[in-house]
Engineer: 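I'd like to ask you about the structure that follows.
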Amino acid sequence: KQLLKTKPQITLALLKPDICANAALPPKIRQAIKAKNLEIVTERDVLWTEKQAGEFYAEHQGKFFYHRLCGYMTSGPFKAMILASPNAIKDWRALIGPTHPVRARVNQPDTLRALYGLTDTRNSFHGSDSNDSARQEIKVFFPHAF
Ligand code: RTP
Ligand code: MG
């Protein structure tokens with residue numbers, strides 16, 4: 001899509017299954033995203049098979065949390081979004097905060113993981129960590145994006 005070429009920077013955001021299980025939460029998250037001047041370029045609902053979860057999280061295979069991570073991410077539908085802004089990757093990761101919600105509540109209480117995260121694994125959000133991973137991850141959910 002030509003559209004994405006006009007964006008200064010894009011990133012992949014996931015609103016994980018615990019967020020999407022409560023219909024009141026995704027609208028609140030969209031508000032928080034827009035309040036940080038991040039544009040929601042597009043979004044879709046996703047329901048993963050075990051295989052799809054395993055492929056996306058292949059780098060974590062063998063870690064103690066790998067199976068519960070895949071179980072979490074296949075527990076129900078979640079939302080995938082393309083976000084855009086001049087610093088979309090950093091801005092979105094700053095908004096979601098540290099990986100572990102308990103630590104986030106201590107160190108960065110205004111972040112989304114501090115507010116909504118449940119446990120170290122069930123941390124409610126994902127954000128790409130670099131330009132390369134953003135492109136790879138966006139392709140997984142939006143194969144016609146580029
Ligand atoms: P993400 O990739 O989802 O943005 O998260 P991250 O970089 O902050 O964290 P990463 O280390 O890449 O871990 C990926 C996801 O695995 C789950 N996790 N559980 N100790 C645990 O139980 C644990 N550690 C990580 C989280 O869902 C994390 O987002
Ligand atoms: Mg990561």
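Atoms within a ligand are numbered from 1 in the order they appear, just like the ligands themselves.
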Engineer: Any idea which atoms of ligand 1 are less than 4.0 Å away from a heavy-atom of Arg68?
Structural biologist: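 Answer, ordered by atom number: 21 (C), 22 (O).
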Engineer: Quick check on the hydrophobic clustering: are Ile40 and Leu38 connected, directly or via other members, by side-chain heavy-atom contacts under 4.5 Å?
Structural biologist: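 Yes, Ile40 connects to Leu38 through the hydrophobic network.
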Engineer: Going through the checks in order, is the side-chain contact (heavy atoms from CB on, under 4.5 Å) test met by Arg103 and Thr99?
Structural biologist: CA-CA 8 Å; Arg103 245 171 272 169; Thr99 305; over 6 Å; no
Engineer: In Å, rounded to the nearest 0.5 Å, how long is the span from CZ of Arg135 to OG of Ser130?
Structural biologist: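 One finds 11.5 Å between CZ of Arg135 and OG of Ser130.
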Engineer: Which atoms of ligand 1 have any heavy atom of Asn123 under 4.0 Å away?
Structural biologist: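 Answer, ordered by atom number: 26 (C), 27 (O), 28 (C), 29 (O).
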Engineer: Touching ligand 1 at all, His100? Heavy atoms, strictly under 4.0 Å?
Structural biologist: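 Yes, that is the case, since the closest heavy atom of the residue is under 4.0 Å from the ligand.
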Engineer: For Gly127, counting its heavy atoms only, list the atoms of ligand 1 lying under 4.0 Å from any of them.
Structural biologist: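 Those qualifying, in numeric order: 4 (O).
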Engineer: Does even one non-hydrogen atom of Arg113 get within less than 4.0 Å of ligand 1?
Structural biologist: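 Yes.
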Engineer: Ligand 1 versus Lys16, non-hydrogen atoms closer than 4.0 Å: side chain, backbone, both, neither?
Structural biologist: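 For Lys16, only side-chain atoms sit under 4.0 Å from ligand 1.
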Engineer: Quick one: pull up CG in Leu112 and NZ in Lys36 and give me the separation to the nearest 0.5 Å.
Structural biologist: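 One gets 9.0 Å once the value is rounded to the nearest 0.5 Å.
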Engineer: What class does the angle between the rings of Phe65 and His60 fall in, given that below 30° is parallel, 30 to 60° is tilted and above 60° is perpendicular?
Structural biologist: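 Aromatic pair Phe65/His60 classed tilted.
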Engineer: Cation over ring, Arg44 on Phe141, under 6.0 Å and within 45°?
Structural biologist: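 Because its charged atom misses either the 6.0 Å distance or the 45° angle limit, Arg44 does not stack over Phe141.
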Engineer: Consider ligand 1: state whether an atom of it lies below 4.0 angstrom from any non-hydrogen atom of Asp129.
Structural biologist: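 No heavy atom of Asp129 comes that close to ligand 1.
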Engineer: Any atom of ligand 1 sitting under 4.0 Å from a heavy atom of Arg93?
Structural biologist: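 In this structure, Arg93 qualifies as a contact of ligand 1 - some heavy atom is under 4.0 Å.
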Engineer: Ignoring hydrogens, just give me the one of His126, Met73, His60 whose non-hydrogen atom is nearest atom 10 (P) of ligand 1.
Structural biologist: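 Nearest heavy atom to atom 10 (P) of ligand 1 lies in His60.
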Engineer: Closest by any non-hydrogen atom to atom 6 (P) of ligand 1: pick that one out of Thr99, Leu12, Leu69.
Structural biologist: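 Residue with the shortest heavy-atom distance to the ligand atom: Thr99.
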Engineer: Salt bridge between Glu43 and Arg30, side-chain N to carboxylate O under 4.0 Å?
Structural biologist: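 The answer is yes: the pair qualifies as a salt bridge.
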Engineer: Starting from atom 19 (N) of ligand 1, find the nearest protein heavy-atom neighbour and note its residue, name and distance.
Structural biologist: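 That would be Thr121 OG1, 2.9 Å.
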Engineer: Take Phe56 and His126 through the test ring-ring contact (aromatic ring centres under 6.0 Å, His included) and record every step on the way to the result.
Structural biologist: CA-CA 12 Å; Phe56 189 81; His126 169 79; 5.6 Å; yes
Engineer: Closest non-hydrogen protein atom to atom 20 (N) of ligand 1, residue and atom name please, with distance?
Structural biologist: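 Looking only at protein heavy atoms, the one closest to atom 20 (N) of ligand 1 is Phe64 CZ, 3.4 Å.
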Engineer: Compute the minimum heavy-atom distance from Glu59 to ligand 1 and say whether it is under 4.0 Å.
Structural biologist: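 Under 4.0 Å: no for Glu59.
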Engineer: What I want to find out is whether Asp18 reaches Arg122 closely enough, with some N-O distance under 4.0 Å, to be called a salt bridge.
Structural biologist: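 A salt bridge is absent here (no side-chain N lies under 4.0 Å from a carboxylate O).
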